[in-house]
Amino acid sequence: MTLLQVNNLTKHYKVSSGIFSPNTLVRANQNISFTLEKGKTLAIVGESGSGKSTLARQIIGIEKPTSGSICLDGKELRFKNRRDKRTRFKTIRMIFQNPYESLNPNVRIGHSLEQTLIINTKLGKKQRLKKIAETLEKVGLASEQQYRYAHMFSGGQRQRIAIARAILLEPSIIIADEPLSALDVSIQAQILNLIQSLQEEMGISFIFISHDLHVVEHIADSIMVMYNGRVVEQGNVSQIFDEPLHPYTQSLFASTPIYRNRFPNFLPRGPKKQVDLLDSACVFAERCQYCETRCTAQTPMLIEAEQAYKIACFKFE
Amino acid sequence: MNLLHIENLSIDLKTHSGPLSIIDRLSLRMSDNEILGIVGESGSGKSMLAMAIMGLLSSKMEMKADYFSLDGQDLMKMVPADRQAYISSKASIIFQDPKSSLNPCFTIATQLNETLSAHGLHARSARKQRSMELLDAVGINQTKKVLNLYPHQLSGGMNQRVAIAIALACKPRLLIADEPTTSLDVTIQAQILDLIVNLNKTENVGVVLITHDFALLSENTDKIGVFYSGHMMEHAATKNILTNPLHPYTRSLLNSVPQLGKRHTRGSRLFALKGQIPTIDKPPVGCRLGPRCPSAEKQCVKPPRLISIPNHGKVRCHFAKQENERKETESNVETRSTRKQTILGADS
């Protein structure tokens, strides 16, 4: 069942480059479309600056999309509409990368959690406390710990609190923006297990943003690879991890230890080549080893090559 | 000859309520031109070891060692000023975040010149020549242009290359890389790591690579040391650690990383150690891993010693010998049974 549908989502920022020169346009996201099924995990992979976080911010409604639409359960979510905003905040929640920064250090964590309930539900005081205690136990903390401040917790525990805040309203979608990268390896496994058990228990869909291919292969059902604001390859786990076709995905695998043994023929990313590019060139043309003259002039469209598999490269047209 | 030879190094933090042990009786040997990987969680004391080797510990720390030699000379016998000069000529360090290890107020050329003149290269033209060579060695193409830029004008990967170039300025015998790739992108990570490994071969430097990522260490290092709560838990050749880890901590670290090609099915979970690393002010009684260890027994309330296992390395665990024997017999049984099968197969 399709839960979330994103159609041609685009975000452009105007950046001023001095008083007298015209504004330049930064294309953070261009024409991004995907669907998310209920209870499944979509992983978004890409390097920093590829627009993964901008995409997440548009989906939960912090940023206004320049164009394109986001549909939840078949109904479009309008950015300015109040009722849409409410449903959006209730059904789509977010876990941020750094648990040291995403919790307010001035208040007890119970208070942080309670705010979510005060704003979004009509529960009374006692019910709220009960709900908070239940949720904390669900993420593996004791209910007494709600009277502590954020600095009294370790990194792993803070991430558990952030997860508790995300599941408090029983959302149907959680966006996790690199939830593991600030944590130690042994704690990472704990949090990953927690995410999976919550998903199986509550049937939550996850949008999992990460650059760790090991984790992505472990947790994802479908994967979207982004480069420079565009989707370059999109498919399910077996399509992307068994036979990646786009040169960028290949270079990603070639530069990850252990995975390069699986794909010995892929070349890691080389230095930027000196090629004359038009504005409409393929985003990866400069670094692509297969770059042809056509790539420097035209952008390849994202085409559906197989069932549920899309790729944007001229090699496969 | 040993490039680095440490015997019983202890580092204590002086506090009002008495000293707290950060590193406890650590012994380590590293031969010339070796790449040693050090892996451990944050708070395990791995960065403190790097600081101790470089002589950069703060005045609140107290360092004791029976023997601490770098490239053949005992550092503990030198007066502090001599020691500092000697260390800076023999070893250098790269830090995690290249943006904060370079000074934003000065150009790359100034920062390289400063280091070069500190190491006795005073003529201007010679310094310029040498800085171009260094930048070239770390794989920067337009060296002339880059020399006149400020750190904020370069990308993270380029900054890390410059930091490595500065570290190489003194022609070190030992290069310590303290999480050199953590703040970089995956594709850049691979480039920087390749660069460090290449420098190990071309410039003939020994490398200590500190990280918390086993995958990074698995391909390039000769030996791995596993740190936990200020103790060296296992120290052995990379191949042995990866194929036959004898310490429960090493095993659980390896198991807690998703295995290659393993996709999740309903109900499948990763192995995860329970709890978290103990704080330095309240270390557990006996074995430091004790409360979290999946295979702890009664004996573990006594602190284990670092014991040598033949054909493996050193392990700090009461059950290391038993574990090793068990694995050996298992493999023997396997080989015997396969031999049996082949004989039977030949007969039939």
Side-chain angles (χ1 to χ4, degrees), chain A residues 39 41 45-50 140 153-157 181-197 199-200 210-221 236-238 241-242 248 251-262 268-272 274 287, chain B residues 39-44 139-142 155-158 181-194 211-220 228 242 249 252-277 279 289 292:
Chain A
T41 305
V45 183
E47 57 194 81
S48 49
S50 61
F153 293 97
S154 67
Q157 284 175 322
S181 62
L183 304 175
D184 269 317
V185 184
S186 71
I187 311 293
Q188 275 186 13
Q190 291 177 4
I191 298 293
L192 207 60
N193 286 348
L194 175 66
I195 287 178
Q196 272 187 294
S197 55
Q199 181 172 32
E200 283 166 18
S210 179
H211 60 253
D212 188 340
L213 292 176
H214 296 274
V215 173
V216 168
E217 178 167 16
H218 179 74
I219 199 169
D221 295 302
N236 59 34
V237 190
S238 52
F241 274 82
D242 291 339
Y248 174 65
S251 76
L252 216 60
F253 278 110
S255 46
T256 310
I258 302 182
Y259 276 105
R260 47 184 133 178
N261 304 341
R262 195 199 271 184
R269 169 175 142 167
K272 268 190 185 173
Q274 299 295 325
R287 300 193 183 278
Chain B
V39 67
E41 290 176 67
S42 48
S44 59
I140 293 177
N141 290 330
Q142 298 158 304
S155 65
M158 286 283 262
T181 59
T182 316
S183 60
L184 304 173
D185 264 325
V186 188
T187 44
I188 314 291
Q189 253 183 34
Q191 292 174 7
I192 295 291
L193 208 67
D194 283 349
T211 176
H212 60 256
D213 188 357
F214 248 117
L216 277 187
L217 299 179
S218 62
E219 290 189 338
N220 304 311
Y228 183 77
L242 292 178
Y249 182 63
S252 47
L253 268 191
L254 285 169
N255 288 342
S256 63
V257 184
Q259 293 299 305
L260 196 71
K262 215 176 201 177
R263 283 152 209 172
H264 77 107
T265 47
R266 199 175 166 80
S268 71
R269 294 287 177 270
L270 282 176
F271 176 82
L273 267 185
K274 289 197 185 77
Q276 63 218 41
I277 193 164
T279 49
L289 186 67
R292 297 177 79 186

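Every chain is numbered from 1 and lettered A, B, ... according to where its sequence line falls, protein lines coming before strand lines.
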Legend entry - Residue among A:S238, A:A189, A:A220, A:S154 with most heavy-atom pairs under 4.5 Å to chain B: A:A189

Legend entry - Which of A:D242, A:L252, A:L213, A:D212 touches chain B most, by non-hydrogen pairs under 4.5 Å: A:D242

Inset, instruction - Output the distance between atom CD (B:Q191) and atom OG (A:S255), rounded to the nearest 0.5 Å. - result: 8.0 Å

Legend entry - Choice from B:G40, B:S252, B:G156, B:S256 maximising heavy atom contacts with chain A below 4.5 Å: B:S256

Legend entry - Contacting moiety of B:D194, where chain A heavy atoms sit under 4.5 Å: side chain

Inset, instruction - Give, as side chain, backbone, both or neither, the part of B:E219 having an atom under 4.5 angstrom from any heavy atom of chain A. - result: side chain

[X] versus chain B, the contacting section by heavy-atom distance below 4.5 Å:
X	answer
A:T41	neither
A:I219	backbone
A:Q157	side chain

